[in-house]
There are 2 protein chains.
Amino acid sequence: MYSLVEENYLKALFALSKDIGSVSVNDLSKHLDIKMPTVTSMMKKMAAKKLVAYESYKPLKLTEKGKKEAALIIRKHRLTEMYLVEKMGFGWEEVHNIAEQIEHIKSPELFTKMDELLDYPKFDPHGAPIPDINGEMEWKAYSKLSECKAGEKVRMAAVINTSDGFLEFLNSREIRLGLKIKIMSVEPFDNTMVVRYKKHDQESLSHTVCERLLVEKV
Amino acid sequence: MYSLVEENYLKALFALSKDIGSVSVNDLSKHLDIKMPTVTSMMKKMAAKKLVAYESYKPLKLTEKGKKEAALIIRKHRLTEMYLVEKMGFGWEEVHNIAEQIEHIKSPELFTKMDELLDYPKFDPHGAPIPDINGEMEWKAYSKLSECKAGEKVRMAAVINTSDGFLEFLNSREIRLGLKIKIMSVEPFDNTMVVRYKKHDQESLSHTVCERLLVEKV
DNA sequence: GTAAAAAGTTAGATTAGACTAACAAATTAG
DNA sequence: CTAATTTGTTAGTCTAATCTAACTTTTTAC
């Protein structure tokens, strides 16, 4: 069994490897808001437990074991988020912090039960895939909305950034997963998009926003 | 905000004061399975935070503040147990360990939501009262089954011991809260009771068991 | 009412996980 | 290609919560 702190290092390493490929001590230090010497010493400790392949001055890499453990924590996080939204009525902007804590609960039964009650969900409330019990997970081949062209019709599939602020912004525009959106035009100057959906005839979305929305073409 | 460790000391102090009136360092040490010197030093630390009134060689006492904090943790524990049983389908023998962890979650919203979804329950799945949001709680005037006499009819109101083993024993005899029981006879020698309920015509319950069952006379 | 036992305290060590200061290696810029 | 900058490591300190060993106070037994 791993400590709460180790679990957080695992999650961070896993997430950063996804986002930026290779992970430096500096990246991890910034992401966790923990000073570099502390990170170095934790990496040595986790290397001793075969969770991380650590060599001085080299990029950090999770071992297969580390990846699996990380994925299982992410599984618990995402199942919890889904449970909170679907079964308890929380908004998608409210669940991150709660799930951040519940993911560390030591009780396979609790998560098995959530999984059953949710009927084995494949995605969390932000569209991220929920790893299976073996830690296997796959992102579908979504596009960023920002990469789409005027005239295309797409369906909202996932959000990349899950900060409260961003999700509240989406709420205020009634943008949610599954929503069908037509791209009316793209401003060449700053890449702002004008889109149409539901009762929103011409909603304009900045490039910053469009970069954080993943869609499926329909 | 208190640490997980402090919260556990608070809960233990609260529970022991209920059970055995005054609490010694030794009692607390045994209950928490933590050595006495550690307990002494934690008591000093918690005294500095005004949670405990500590004087060398004197019995330990929670302050009003300490009692309220303890009751609020117990509130979270019991709400969680009720939620797990009522909304997730766990058995009353399965929920203690999970609630023991979830009670430390920092999210007033989570517990408010449980309370709402459960429609403001007054008792947990073992019949123990759930403190209100101000930490107020009251045990009803129940009797131990062991104190009842042959011929009396009673209703199961609560269980004192909530160990898995004891609850599984009750499950095996189909004894649950609300059950109406008639006391057929009491063996004078060892106080074993013969009782009748549902399809159980003459179930015999040891004194040890009867001591742990709280009932209301009907 | 003293002696033995039990309970409680003090002092000092340990571990996990954090930090700062100082130094070393690697990368980047001119 | 060297110098400056950035990144990473080492060494040593700190805090929370634990422990053991040794000592003191209180309680219990006779």
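In what follows, chains carry the letters A, B, and so on, assigned in the order in which the sequence lines appear, proteins first and then strands, with residues in each chain numbered from 1.
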Starting from the C-alpha separation in whole Å, work towards a yes-or-no answer on salt bridge (charged side-chain N to carboxylate O under 4.0 Å, His left out) for B/Arg78 and B/Glu81. CA-CA 5 Å; B/Arg78 294 187 180 158; B/Glu81 288 196 336; 5.9 Å; no
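- Computed from coordinates, the A/Ile34 CD1 to D/dT15 P distance equals 18 Å when rounded to whole Å.
- Look at A/Lys44 and you'll find a side-chain N or O under 4.0 angstrom from OP1 or OP2 of D/dT10.
- Comparing C/dA7, D/dT18, C/dT9 by their closest approach to the side chain of B/Ser56 singles out C/dT9.
- Per the geometry, CE belonging to A/Met36 stands 13 Å off C1' belonging to C/dT20, to the nearest Å.
- In this entry the distance linking NZ of B/Lys35 with P of D/dT20 reads 5 Å, nearest Å.
- There is no side-chain donor-acceptor pair under 3.5 Å between A/Asn26 and A/Ser24.
- A/Thr192 contributes no side-chain N or O that, together with a main-chain N or O of A/Ser206, makes up a donor-acceptor pair within less than 3.5 Å.
- Within the structure, a side-chain polar atom (N or O) of A/Thr38 is placed less than 4.0 Å from OP1 or OP2 of C/dC19.
- OP1 or OP2 of C/dA18 has at least one side-chain nitrogen or oxygen of A/Tyr9 nearer than 4.0 Å.
- Here the closest non-hydrogen pair linking B/Met114 and A/Met88 is CG-CE, 3.8 Å.
- Between A/Tyr57 atom OH and C/dC23 atom P there is a gap of 14 Å when expressed in whole angstrom units.
- Going from atom NZ of B/Lys58 over to atom P of D/dT26 covers 9 Å, rounded to whole Å.
- Using a 4.0 Å heavy-atom criterion, one finds that A/Ser41 contacts no nucleic acid atom at all.
- The CG atom of B/Asn8 sits 14 Å away from the C1' atom of D/dT18 (whole-angstrom rounding).
- Side chains of A/Trp92 and A/Asp124: no donor on one and acceptor on the other come within 3.5 Å.
- Using a 4.0 Å cut-off, some side-chain N or O of B/Thr40 falls inside it from OP1 or OP2 of C/dT9.
- The distance between atom CG of A/Leu4 and atom C1' of C/dA16, rounded to the nearest whole Å, is 12 Å.
- Computed from coordinates, the B/Glu55 CD to C/dT9 C1' distance equals 15 Å when rounded to whole Å.
- B/Ser29 comes within 4.0 angstrom of nothing in the nucleic acid, heavy atoms only.
- Taking only side-chain atoms of B/Pro37, from C-beta outward, the nucleotide of C/dG8, D/dT18, C/dA11 with the closest atom is C/dA11.
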